[in-house]
Undergrad: 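Before anything else, here's the structure in question.
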Amino acid sequence: MHKGYGSLSHVIENLSLYISLLNEGFKGCDRNKVYRSRVPAIRNKDVTLQLCKALKCCVSVSGALRNLELNGLVVRESDLTMLTKGWNKLATWVHLCLANCPLGDGGLEIICQGVKNSTTLKTVNFTGCNLTWQGADHMAKILKYQTTRRHEETWAESLRSRRPELDCMAGLRSITLNCNTLIGDLGASALAESLSEDLWLRELFQACLFLEKT
């Protein structure tokens, strides 16, 4: 392992912890007054863009990164476009967590395009990311795409008289979408439809109800 790469996960973890504590500190306060008096540098768009550029450079050359977790970081679509470059080439990572990052549907679409061809990523966590039914639809399209790829690989293996190794195939195994209540009926239906032919996804977590009140 190259010098410095082993501390990458530690640095990212500390950054996420700092942001989470910062958000906790705002509870019970008038946020508008806090923002006007002292806006944290980490919320500046130029800072987040530079941060995403640095992270992109680090993860693209790391041969040991398994978990990428950014908790509560305010990222814009331009940040995500920068951050996701080269994600499909990562050979070791298995877990992505962007919990409490206000991605929105547009941000999640960028993330989905960045991970859909990953051969190693197994679990994703988009808890509290301000997603609606459109975000759920983006996720459903990725699941359908990966299911099609897996079926094609299984068919190719069968032509060679080989028994396909289902557990070794690329694609997501676990998706967490907790605390995204705006997903609603439309989003839940899109996810359910995408799972109808998916033999590989093992876990879909939603701690809060998607369904709308009737």
Side-chain angles (χ1 to χ4, degrees), residues 9 12-28 31 42-43 48 52 55 59 65-77 79-80 83-84 87 93-116 118 120-147 171-214:
S9 296
I12 295 174
E13 180 182 352
N14 285 343
L15 175 62
S16 297
L17 178 61
Y18 165 75
I19 296 171
S20 297
L21 291 175
L22 183 65
N23 290 334
E24 287 292 327
F26 284 149
K27 289 184 178 180
R31 292 196 175 200
I42 194 63
R43 295 181 180 271
T48 56
C52 289
L55 286 175
V59 301
L65 182 69
R66 291 179 58 83
N67 302 322
L68 178 58
E69 300 186 16
L70 296 173
N71 194 323
L73 181 66
V74 178
V75 285
R76 299 153 187 84
E77 293 188 9
D79 301 331
L80 294 172
L83 183 63
T84 56
W87 272 8
W93 80 329
V94 295
H95 175 66
L96 170 66
C97 175
L98 294 173
N100 304 311
C101 297
L103 304 176
D105 299 326
L108 183 62
E109 182 177 16
I110 295 173
I111 295 294
C112 286
Q113 293 302 312
V115 304
K116 73 175 184 179
S118 173
T120 58
L121 186 64
K122 302 301 181 186
T123 65
V124 293
N125 184 344
F126 299 122
T127 295
C129 288
N130 296 343
L131 306 179
T132 71
W133 68 268
Q134 292 177 310
D137 189 57
H138 294 320
M139 200 74 250
K141 289 177 180 177
I142 296 303
L143 292 176
K144 289 181 179 179
Y145 173 82
Q146 292 189 344
T147 297
L172 296 174
R173 298 292 193 277
S174 174
I175 299 172
T176 303
L177 296 171
N178 297 348
C179 304
N180 289 291
T181 54
L182 295 180
I183 284 179
D185 294 345
L186 288 175
S189 297
L191 289 169
E193 182 183 353
S194 69
L195 296 175
S196 61
E197 296 183 1
D198 193 317
L199 305 177
W200 292 268
L201 189 71
R202 295 175 179 175
E203 298 171 328
L204 175 62
F205 293 111
Q206 67 279 356
C208 52
L209 294 177
F210 288 160
L211 301 181
E212 299 163 1
K213 294 181 180 180
T214 57

Undergrad: Taking side-chain hydrogen bond (donor to acceptor under 3.5 Å, both in side chains) as the definition, give me every residue that meets it alongside T84, ordered by chain and number, with sequence neighbours left out.
TA: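 Residues passing side-chain hydrogen bond (donor to acceptor under 3.5 Å, both in side chains) with T84: none at all.
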Undergrad: When you measure from the side chain of D79 to the backbone N and O of E77, does any donor-acceptor pair fall under 3.5 Å?
TA: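 Side chain of D79 to backbone of E77, a donor-acceptor pair under 3.5 Å: no, none is there.
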Undergrad: What's the shortest heavy-atom distance between L73 and T48, and which atoms?
TA: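 Scanning both residues completely, I find the closest heavy atoms to be CD1-CG2, 4.5 Å.
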Undergrad: Could you grab the distance from atom CG of L96 to atom CH2 of W87, nearest 0.5 Å is fine?
TA: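 L96 CG to W87 CH2: 5.0 Å, rounded to 0.5 Å.
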Undergrad: Rounded to the nearest 0.5 Å, what's the gap from CG on D137 to OG1 on T132? Could you check?
TA: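 If we round to the nearest 0.5 Å, D137:CG and T132:OG1 are 9.5 Å apart.
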Undergrad: Going from CG on L172 to CG on L121, what distance comes out if it is rounded to the nearest 0.5 angstrom?
TA: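 So the CG of L172 and the CG of L121 are separated by 5.5 Å.
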Undergrad: Would you check if the side chain of N180 reaches a backbone N or O of F126 as a donor-acceptor pair within less than 3.5 Å?
TA: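 Such a contact is found between N180 side chain and F126 backbone.
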Undergrad: With side-chain contact (heavy atoms from CB on, under 4.5 Å) as the criterion, how do I183 and M139 come out once you've worked through the C-alpha distance, each side chain's angles and the decisive distance to 0.1 Å?
TA: CA-CA 11 Å; I183 284 179; M139 200 74 250; over 6 Å; no
Undergrad: Quick check: closest heavy atoms across H138 and D105, and the distance to 0.1 Å?
TA: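 Looking at all heavy atoms of both residues, the closest pair is CD2-O, 3.3 Å.
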Undergrad: Do L143 and I175 touch side chain to side chain, with heavy atoms closer than 4.5 Å?
TA: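 Yes. Closest side-chain heavy atoms under 4.5 Å.
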Undergrad: To check you understand the geometry: which heavy-atom pair defines the closest contact between A140 and S194, and what is its length?
TA: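 Heavy atoms of A140 and S194 come nearest at O-CB, 3.5 Å.
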Undergrad: Are N130 and L103 close enough that some pair of their side-chain heavy atoms sits under 4.5 Å apart?
TA: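 No, too far: nothing below the 4.5 Å cut-off.
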Undergrad: Return the minimal non-hydrogen interatomic distance between C52 and L83, and the atom names on each side.
TA: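 Shortest heavy-atom separation between C52 and L83 comes out as O-CD1, 3.9 Å.
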Undergrad: Of all the heavy-atom pairs spanning W133 and G187, show the shortest one and how long it is.
TA: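 Where W133 meets G187 most closely, the heavy atoms are CB-N, 3.4 Å.
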Undergrad: Less than 4.5 Å apart, side chain to side chain, heavy atoms only: is that true for T123 and V94?
TA: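 No - every pair of side-chain heavy atoms lies 4.5 Å or more apart.
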Undergrad: What distance separates N71 CG from C97 SG, expressed to the nearest 0.5 Å?
TA: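 These two atoms lie 6.0 Å from each other.
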Undergrad: Using the side-chain contact (heavy atoms from CB on, under 4.5 Å) rule, take L98 and V75 through it: C-alpha gap first, then chi angles, then the decisive distance, then the call.
TA: CA-CA 10 Å; L98 294 173; V75 285; over 6 Å; no
Undergrad: Please tabulate, one pair per line, all N/O donor-acceptor pairs under 3.5 Å involving side-chain atoms of residues 108-116, not counting sequence neighbours.
TA:
| residue | atom | partner | partner atom | Å |
| --- | --- | --- | --- | --- |
| Q113 | OE1 | K116 | NZ | 3.4 |

Undergrad: As a quick check of understanding, evaluate side-chain hydrogen bond (donor to acceptor under 3.5 Å, both in side chains) for N125 and T127, giving each step before the final call.
TA: CA-CA 6 Å; N125 184 344; T127 295; 2.6 Å; yes
Undergrad: Can you name the closest pair of heavy atoms from W93 and T120 and give their distance?
TA: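 Looks like O-OG1, 2.8 Å.
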Undergrad: When you compare the side chain of L177 with that of L191, does any pair of heavy atoms fall below 4.5 Å?
TA: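 The answer is yes; the side chains approach within 4.5 Å.
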